[in-house]
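Values reported hereafter were calculated over all heavy atoms of this structure, with side chains retained and with hydrogens, waters and symmetry mates removed. Whatever order the structure lists ligands and atoms in, that order sets their numbers, starting from 1.
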Amino acid sequence: MTVAKPADTNNCIEEIKRLDSVGCDLIRVAIPDSASAKSIRILKQSTDTPLIADIHFDPDLALTAIEQGIDKIRLNPSNVKDPIRIRDIVQAASAENIPIRVGANAGSIKLTQGMNITEALFQALQHEVDLLESLGFTQIVLSAKCSSIDQNWLLNQKIAQIYSYPIHIGLTEAGLLTPGIVQTTLSLSALLKAGIGDTLRFSLSGELEQEVIAGKTLLQSLGMRTGVRVIACPMCGRSRWNVQKYATIISRACAKLEMPLTVAVMGCEVNGPGEAREADYGLAGSGAYVVFFEKGEIRDKGAPEEMLKKLLNKII
Ligand code: SF4
């Protein structure tokens, strides 16, 4: 999801390009005002990736987004409630053959006495789905996110039992990078292993690209997606170069590739090639030089940038 308002077109396009560069499959943009809704056509010209408009309260924003060529609308049942206006959105979405995601979120739900959050979220979702179905609309995607792993599990399990519509999953307000990734991984891997989830988001407070990288890594780890896996040693007193810097460069350069390859970035040539012998290709530090290896066998030695280029040429 972008952070810049779509009305701030240059910055929003720059963020879209950053998300594209790491292989984001779907990009959501918040639509808080009319200027943002009217900017969608320009944003669409900057990317081939489908864009989703997240509508804030005003149904007219959804109608403008659809006119501007958006690929999907997200409606929060707590924010867009008027059935007459929802009918207008449904008619426009049907005419353009685009889906609507009914996206309930714990942060925006109002709890009545005695009701727990999972019940409240499910009821909000069900109410909106009933309305869309009564209008003959079935291009529906469902999502209901909590910030608690247990609640997220119960809620999405219930949704999956009752509906056959695609489900978007995520853990809301997951937090800073490390705790956010750990908690979201725990939540989403349980759901995905149970066959629940068609699209996903890591909602992290951090650099945009990390959400995409975390999501792709989770899918690769579960065997649900192939791609280049970059492994790196944790470094120790033997380390002879900047492992983190070069692992990041390689990871970003290979982010969109879908071949099942493992690439290693190791701190030293003493142990690195041996420790990473399962990797298809790798680099290891060696003082002023870096060694390039294949399946644990050293093949070449040279300056870091030269060996980096050699490795990337093998892959890309
Ligand atoms: S590869 Fe070398 S630098 Fe990295 S952890 Fe192993 S011994 Fe230490």
Side-chain angles (χ1 to χ4, degrees), residues 18-19 21-24 171 174-190 192-193 202 204-316:
R18 283 171 53 198
L19 290 167
S21 75
V22 287
C24 190
L171 188 77
L176 293 171
L177 200 59
T178 304
I181 288 175
V182 171
Q183 292 181 69
T184 307
T185 298
L186 278 172
S187 180
L188 301 196
S189 58
L192 290 165
K193 281 187 195 167
F202 274 67
L204 303 173
S205 305
E207 196 190 25
L208 288 181
E209 291 90 333
Q210 296 298 340
E211 296 198 351
V212 184
I213 293 166
K216 289 173 77 171
T217 305
L218 173 59
L219 292 174
Q220 280 178 19
S221 305
L222 292 173
M224 293 175 171
R225 191 167 184 143
T226 53
V228 176
R229 180 170 175 239
V230 179
I231 60 171
C233 83
M235 296 191 285
C236 69
R238 295 189 192 89
S239 185
R240 311 285 296 276
W241 74 321
N242 191 335
V243 168
Q244 187 181 2
K245 173 184 165 188
Y246 285 93
T248 303
I249 293 171
I250 295 166
S251 181
R252 294 287 167 94
C254 300
K256 293 174 87 165
L257 303 178
E258 293 187 357
M259 65 256 247
L261 269 184
T262 302
V263 177
V265 183
M266 308 300 281
C268 71
E269 72 168 318
V270 181
N271 291 343
E275 283 181 23
R277 66 171 61 83
E278 302 301 325
D280 296 284
Y281 304 109
L283 301 176
S286 175
Y289 296 103
V290 164
V291 299
F292 167 77
F293 58 91
E294 287 182 61
K295 297 277 186 193
E297 298 293 326
I298 294 176
R299 302 278 188 226
D300 204 355
K301 183 173 184 170
E305 298 304 322
E306 187 193 348
M307 291 299 104
L308 173 68
K309 197 170 163 195
K310 179 164 188 142
L311 180 131
L312 292 178
N313 282 341
K314 288 266 185 190
I315 303 168
I316 299 172

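Applying the salt bridge (charged side-chain N to carboxylate O under 4.0 Å, His left out) test to Glu294 and every residue at least two apart in sequence or in another chain returns Arg299, Lys314.
Val22 pairs in a side-chain contact (heavy atoms from CB on, under 4.5 Å) with only one of the listed residues (Lys216, Glu209, Gln210), which is Glu209.
Glu275 has no carboxylate O lying under 4.0 Å from a charged side-chain N of Arg238, or vice versa, which leaves the two without a salt bridge.
Considering CG of Leu308 and CG of Asn313, their distance stands at 9.5 Å, rounded to 0.5 Å. Atoms OH and NZ, from Tyr289 and Lys301 in turn, are 7.5 Å apart once rounded to the nearest 0.5 Å. If you take CG on Leu219 and CG on Leu192, they are separated by 6.5 Å, rounding to the nearest 0.5 Å.
Of all protein heavy atoms, the one lying nearest to atom 6 (Fe) of ligand 1 is Glu275 OE2, 2.9 Å.
Each protein N/O/S atom under 2.8 Å from atom 8 (Fe) of ligand 1 was counted, for a total of 1.
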